[in-house]
Every structure is written in C-alpha cells, then in structure tokens.
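A short worksheet on the structure shown next.
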Number of protein chains: 2
Amino acid sequence: MGIFSKTCEYAIRAVFFIAHRTAKGGRVGIKEIASGINSPEHFLAKILQDLSRKNIIRSIKGPNGGFYMDDATLKRRLSEVVEAVDGNSLFTGCGLGLVYCSEINPCPLHNEFKGIRARIYEMLQNTTIEAFNEDLNLGITSLKK
Amino acid sequence: MGIFSKTCEYAIRAVFFIAHRTAKGGRVGIKEIASGINSPEHFLAKILQDLSRKNIIRSIKGPNGGFYMDDATLKRRLSEVVEAVDGNSLFTGCGLGLVYCSEINPCPLHNEFKGIRARIYEMLQNTTIEAFNEDLNLGITSLKK
DNA sequence: TAATTAAAAGATGTTTTTGTCTTTTAATTT
DNA sequence: AAATTAAAAGACAAAAACATCTTTTAATTA
Ligand code: FES
Ligand code: FES
C-alpha cells in the first residue's frame, strides 16, 4: 500500500501524461494514455471521465477528439488532483485512524503526523501539473514501469 | 485512505495499548484491548495473533492469560510493527505506483517522495513502543475515538 | 444526413480488505 | 483429571477497491 490509492496513482500519471502530450495543442486518446502510463484502459477511462467532470482535465468526443489540457487546467495544483480522487483524508485525517484528528484529543503520533502531512501537502500544493513537462520531454523522468 | 492500512492502524494502537497497560506486569485480554482502542474484537484478534507470531508482542493462553509486552518487545521500533503488517512498500515503493522506484528510471515526484518517505521512516525508526507510555499514562494522548 | 470516431455511461466481474462467528488448542484452577 | 479460561485457528461474509466489457451519446467527416 502506498500513500495514494491505485486510482489516484493512475490519475496523477495520466494527468502528467496528458499535460506533457498536449501542452502544445492536440488531443490524446484513452488507448495511448493507458499504454503510455501502463494502466488498464477501461479503468483509466472511468478515472478520466471523473477528472473531466471535475475540470481537472478537458475532453471532447468524436473524431480527432480525446483528452487534453488548456491553460487553466495546466495550472492546476497536484493537490487538486489528489483531492478530487482520494479526498482530503490524507491531509486532515488521523494517521492512526482516530475518528477525528485534533489537538484536544491527539493520538500518540499526532505531532509527528502533522509534520509529515504538512510536508506532503506542501509538495502537492506547490507544484502545478505543467511543472513536470520539461523533465518528461527530456526523458529524465518516466510514467511507466 | 490514510498512510497505513486499517489493519496497521489497529495494530499500532493495540501495541501502544498493550504496552501502556502491561509495562509493569500483568496481561490484558482481547476484549479490553478492543474496547480500549475502539476496534472490532475478532478482527483485532487476528492481527494480534499475527503480531504475536512475529514476536512484536507476547501472548499466553488460559486463565490469567492474555497479551503483554516484556523488555524485549517494549524496545521494538514502531517501524517493525508497520513492516510486520503492511510490509515495506511504504518505505521503498514508488509513490506513483511505478513497478520499481529507482534513480535510473524515476517518476516525476521521485525526489520529493524520497524525502517524505525518509521522514516517515525516521519517525517510525526512532521511536520505541514504550516511548509513548508516559503520555498515555498522563492522559495527554488517546487511542480511541 | 449517414457513417465514423472517441469519450461517457452503464452493467458486471474479480480481488483485496475489513469484519464476524464458530471450533480448537493450550494453559490454569479446582 | 475435569472444568474453566482465554488465545489460536478456521470458515465464512460484507464492503471496498480494482478491473473489464457493452451500450449510448456527442462530436466530426464524407
Ligand atoms: S490525532 Fe492522530 S494524527 Fe492527529
Ligand atoms: S520512482 Fe517514483 S518515488 Fe521513486
């Protein structure tokens, strides 16, 4: 088990892929995305439908259709993607599973978790989706395998 | 979804509870533990059986039996509990779900994840189970609700 | 406007996680 | 030794996560 759900992992990789692939215009189809990030095609389709509804990415049907990102969506924060898919429990929930995370009734690891959560949130909050395009273009980073 | 599985959350809370409850001798039964950490009794029983087999906690059957911790188990690191339950994927796996996390073929968030993972591991590695007893005794921290 | 394309939506299936209930085993006490 | 106690083990069930397949809808193109 990782920090994110499998769904969220696919979502992030797909969004990176779409951004990288369409930042200069054009569309990309579900087949190419799925194979580009090594994910099950139909499962990913569901995830992207959801992201599209939530305006994290754009999509258009028909010939020459597909998924893409425009200026607005390229500037979205990674935190928005995570929140859209996994909700905000990663940022606000108790690490030990107490119903509420609070200063009044903290679990033994509350302070430590607070720091870690803040760091995760910071990372996701401080980076836009487009920020990773360059490294992907240069082939420095990878989205599959 | 949190950082740990539900199973692991229960495991950590239970281990804290047992440590706190038996550091000065005695045993504690599954019913008391389950109600003390607000977890399903029989599900927790399975988890504790497993932890007992892996020498994270001790147990003994029969009248006056129950779960307890001795000097050796009290000194175990939290990381050992997590690893026993959730494995080490949290510490070594790719945050975006790539099959291998590596410097050679890194995902776009590799460096960020490396830092976060290290911090999580450090927290779990640097603290023994018994380290939390005092705060629990004082009622400063909580294991339920 | 008919054919085609590609995403959206719907239905269904599998696996994993989480949770419950019953029976068995190993200790203790009488 | 028999009764009692409490964990261990096994069987089963529900829910959530993950995945696949089919049908429908909205565009484009011929
Ligand atoms: S109460 Fe557990 S992380 Fe805040
Ligand atoms: S490759 Fe993704 S975290 Fe290292």
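Every chain is numbered from 1, with letters handed out A, B, ... down the list of sequences. Since the model is a prediction, treat every value here as computed from it, not as a measurement.
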Quiz item: With distance as the sole criterion, is a donor-acceptor pair present between the side chains of B/Glu103 and B/His110 under 3.5 Å?
Solution: yes
Exercise. Please state how far atom CZ in A/Phe43 lies from atom P in C/dG13, giving the value in whole angstrom units.
Key: 18 Å
Self-check item: Nearest to side-chain heavy atoms of A/Pro40, which nucleotide of C/dT18, D/dT20, C/dA9
Solution: D/dT20
Practice problem: Nearest whole angstrom, please: distance from the C1' of C/dT17 to the NZ of B/Lys6. | Solution: 11 Å
Self-check item: Residues which pass side-chain hydrogen bond (donor to acceptor under 3.5 Å, both in side chains) with A/Gln125, listed by chain and number, not counting sequence neighbours
Solution: A/Ser79, A/Tyr121
Exercise. Measure the acute angle between the ring planes of B/Phe16 and B/Phe132, then classify it against the limits of 30° and 60° as parallel, tilted or perpendicular.
Key: tilted
Practice problem: Return the value, rounded to whole Å, for the distance between atom CD of A/Glu32 and atom P of C/dA7. | Solution: 11 Å
Exercise. Please report, rounded to the nearest Å, how far the P atom of D/dC21 is from the CD atom of A/Glu41.
Key: 10 Å
Quiz item: Under 4.0 angstrom, heavy atoms only, what part of the nucleic acid is A/Leu48 near: base, sugar-phosphate, or nothing?
Solution: nothing
Quiz item: Think A/Ser52 has a side-chain N or O under 4.0 angstrom from the OP1 or OP2 of C/dA7?
Solution: no
Practice problem: Looking at every strand, decide which applies to A/Arg27 at a 4.0 Å heavy-atom threshold: base, sugar-phosphate, or nothing. | Solution: nothing
Quiz item: Between A/Arg77 and A/Glu83, is the closest basic N to carboxylate O distance under 4.0 Å?
Solution: no
Exercise. Mind checking side-chain hydrogen bond (donor to acceptor under 3.5 Å, both in side chains) for B/Lys6 and listing every partner two or more places apart, or none if nothing turns up?
Key: B/Glu9
Self-check item: B/Tyr10 side chain near C/dG19 phosphate (N/O to OP1/OP2, under 4.0 Å)
Solution: yes
Practice problem: Grab the CG-P distance between B/Asp50 and C/dG19 for me, whole Å please. | Solution: 16 Å
Quiz item: Nearest to the side chain of A/Ser59 - C/dG19, C/dA8, D/dC18?
Solution: C/dA8
Exercise. Starting from the 5' end of DNA chain C, give me the residue, B/Ser5 or A/Arg53, whose nearest nucleotide shows up first.
Key: A/Arg53
Practice problem: Mind calculating the distance between CD1 (B/Ile47) and P (C/dT17) to the nearest angstrom? | Solution: 13 Å
Quiz item: Quick one: is the NZ or CZ of A/Arg27 closer than 6.0 Å to the six-membered ring centre of A/Tyr68, and within 45° of its axis?
Solution: yes
Quiz item: Which nucleotides of nucleotides 22-30 of chain C have their base under 4.0 Å from a protein heavy atom (B), which only their sugar-phosphate (S), and which neither (-), written as one string 5' to 3'?
Solution: B--BBBB--
Quiz item: For the pair made of CG in A/Leu44 and P in D/dT20, what is the distance, rounded to whole Å?
Solution: 11 Å
Exercise. Whole angstrom is fine here: how far is it from NZ in B/Lys46 over to C1' in C/dT20?
Key: 10 Å
Quiz item: Is there a donor-acceptor contact under 3.5 Å from the side chain of B/Glu32 to the main chain of B/Gly29?
Solution: no
